[in-house]
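Single-structure report; data block below.
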Amino acid sequence: MDEFMDTLWNNIMAMIQSGASLFDQLLTPMHVFGPIVVLTLLALLTVLITKLLNRFIITKRYVELEKEFKHWLNVREEAMKGEDYEKAKRLARNIDQAKLNRAYYDYFLEGFLLGLVRNVLPIFIMVAYINEYYKAEELSRLFGKGYLFSMPSFSGEPVMVGAVFYYIITLLLTYLAWAVSKKFSSKKWCL
């Protein structure tokens with residue numbers, strides 16, 4: 001069994017390394033624009049991938065659990081509309097204990113796991129790629145300096161901004177810009 005697991009792990013690592021090398025070869029022509037442009041494009045690509053995954057990866061189980069949760073939530077809300085408040089409260093508690101809590105737990109867990117696969121995993125994969133292929137030594141080799149740019153600090157010594165830090169800040173700003181643009185595009189503009 002140990003030999004099988006070692007072989008499996010070696011095959012998985014070989015696939016990951018060959019995929020990363022292929023991705024690096026695809027990005028090499030973009031290096032003429034500099035590391036900031038490449039990392040900004042990687043952040044945009046990551047946001048687009050997560051948005052597409054959120055749109056297209058929805059399991060049947062998640063849809064069924066959502067329907068079941070909403071059904072029991074509606075039943076509970078109807079029970080609370082009763083004229084006798086104490087009786088309605090007891091009935092709602094029974095519904096909670098019998099079905100609603102379990103439906104919510106299953107629905108929440110499925111949504112959490114889908115969120116990990118659709119949002120967190122692509123970001124971690126890209127951070128791992130950037131951490132490996134755009135570390136200080138590679139930046140020095142490819143672009144002549146081991147950092148993207150330097151910022152002044154209070155101590156007088158400049159702070160060197162690396163690839164992973166820049167990528168994460170750009171990723172956060174891209175998500176923020178996406179949310180703001182979606183909010184503004186949904187409003188009706190009257191002039």
Side-chain angles (χ1 to χ4, degrees), residues 1-59 61-62 108-186:
M1 183 67 170
D2 287 340
E3 186 177 319
F4 170 74
M5 293 303 284
D6 289 342
T7 305
L8 180 65
W9 181 251
N10 288 336
N11 289 338
I12 290 171
M13 287 304 297
M15 285 181 1
I16 290 172
Q17 288 173 344
S18 64
S21 295
L22 176 66
F23 194 62
D24 194 40
Q25 289 174 358
L26 291 173
L27 286 176
T28 298
M30 301 296 294
H31 287 169
V32 296
F33 299 112
I36 292 177
V37 172
V38 173
L39 292 169
T40 303
L41 286 174
L42 288 176
L44 290 171
L45 179 68
T46 305
V47 170
L48 290 175
I49 287 171
T50 58
K51 296 297 181 181
L52 285 172
L53 289 176
N54 280 323
R55 179 170 286 181
F56 293 115
I57 297 181
I58 300 172
T59 61
R61 176 176 160 77
Y62 181 74
F108 170 78
L109 186 62
E110 186 78 13
F112 177 73
L113 294 175
L114 279 174
L116 286 177
V117 169
R118 297 183 299 196
N119 297 320
V120 177
L121 190 60
I123 292 171
F124 277 162
I125 289 171
M126 194 60 76
V127 167
Y129 171 78
I130 290 170
N131 190 43
E132 182 64 27
Y133 284 90
Y134 292 101
K135 54 188 167 191
E137 297 85 27
E138 282 297 307
L139 287 174
S140 292
R141 186 181 68 77
L142 294 171
F143 304 107
K145 56 184 179 179
Y147 56 92
L148 300 179
F149 56 89
S150 61
M151 295 186 327
S153 68
F154 293 115
S155 66
E157 210 154 306
V159 175
M160 309 303 180
V161 176
V164 173
F165 179 76
Y166 178 80
Y167 169 78
I168 290 172
I169 296 299
T170 306
L171 186 70
L172 292 174
L173 291 175
T174 306
Y175 274 117
L176 180 66
W178 187 286
V180 168
S181 67
K182 192 171 184 179
K183 182 127 178 132
F184 280 130
S185 68
S186 67

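Since the structure is predicted, the reported quantities are computational estimates derived from the model, not experimental observations.
The distance from atom CG of L142 to atom CG of L139, rounded to the nearest 0.5 Å, is 7.0 Å. To the nearest 0.5 Å, atom CG of residue L113 and atom CZ of residue R61 are 9.5 Å apart. Here T7 contributes atom OG1 and I12 contributes atom CD1; the two are 11.0 Å apart, rounded to the nearest 0.5 Å. Note that the CG atom of L22 and the CG atom of L26 stand 5.0 Å from one another [nearest 0.5 Å]. To the nearest 0.5 Å, atoms OG1 (T46) and CD1 (I168) are separated by 11.0 Å.
Counting only residues at least two apart or on different chains, the side chain to side chain donor-acceptor pair (under 3.5 Å) pairs with a member in residues 26-39 are H31-Y134. Applying the salt bridge (Lys or Arg N to Asp or Glu O under 4.0 Å) definition to pairs two or more places apart or across chains, none involves residues 1-29. Within the structure, side chain to side chain donor-acceptor pair (under 3.5 Å) pairs that include any residue of residues 171-182 comprise T50-Y175 (at least two apart or interchain).
Under the side-chain contact (heavy atoms from CB on, under 4.5 Å) criterion, E132 pairs with K135, not counting sequence neighbours. L52 meets the side-chain contact (heavy atoms from CB on, under 4.5 Å) test with F56; sequence neighbours excluded. The salt bridge (Lys or Arg N to Asp or Glu O under 4.0 Å) test applied to R141 returns E138, not counting sequence neighbours. Under the rule for a ring pair (Phe, Tyr, Trp, His ring centres under 6.0 Å), Y167 has no partner lying at least two apart in sequence or in another chain. For I57, the side-chain contact (heavy atoms from CB on, under 4.5 Å) criterion is met by L53, L114, R118, not counting sequence neighbours. Every residue meeting the ring pair (Phe, Tyr, Trp, His ring centres under 6.0 Å) condition with Y133, not counting sequence neighbours, appears here in chain and number order: Y129.
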Listing, residues 32-45 side-chain donor-acceptor contacts under 3.5 Å, not counting sequence neighbours, or none:
| unit_1 | atom_1 | unit_2 | atom_2 | d |
| --- | --- | --- | --- | --- |
| T40 | OG1 | I36 | O | 2.7 |
| T40 | OG1 | Y166 | OH | 2.8 |

Let me have the donor-acceptor pairs involving side chains of residues 146-165, under 3.5 Å, with sequence neighbours excluded, atom names and distances please.
| unit_1 | atom_1 | unit_2 | atom_2 | d |
| --- | --- | --- | --- | --- |
| S153 | OG | S155 | OG | 3.2 |
| S153 | OG | E157 | O | 2.4 |

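Counting heavy-atom neighbours within 6.0 Å of F124 CZ, excluding the residue itself, gives a total of 12 or less.
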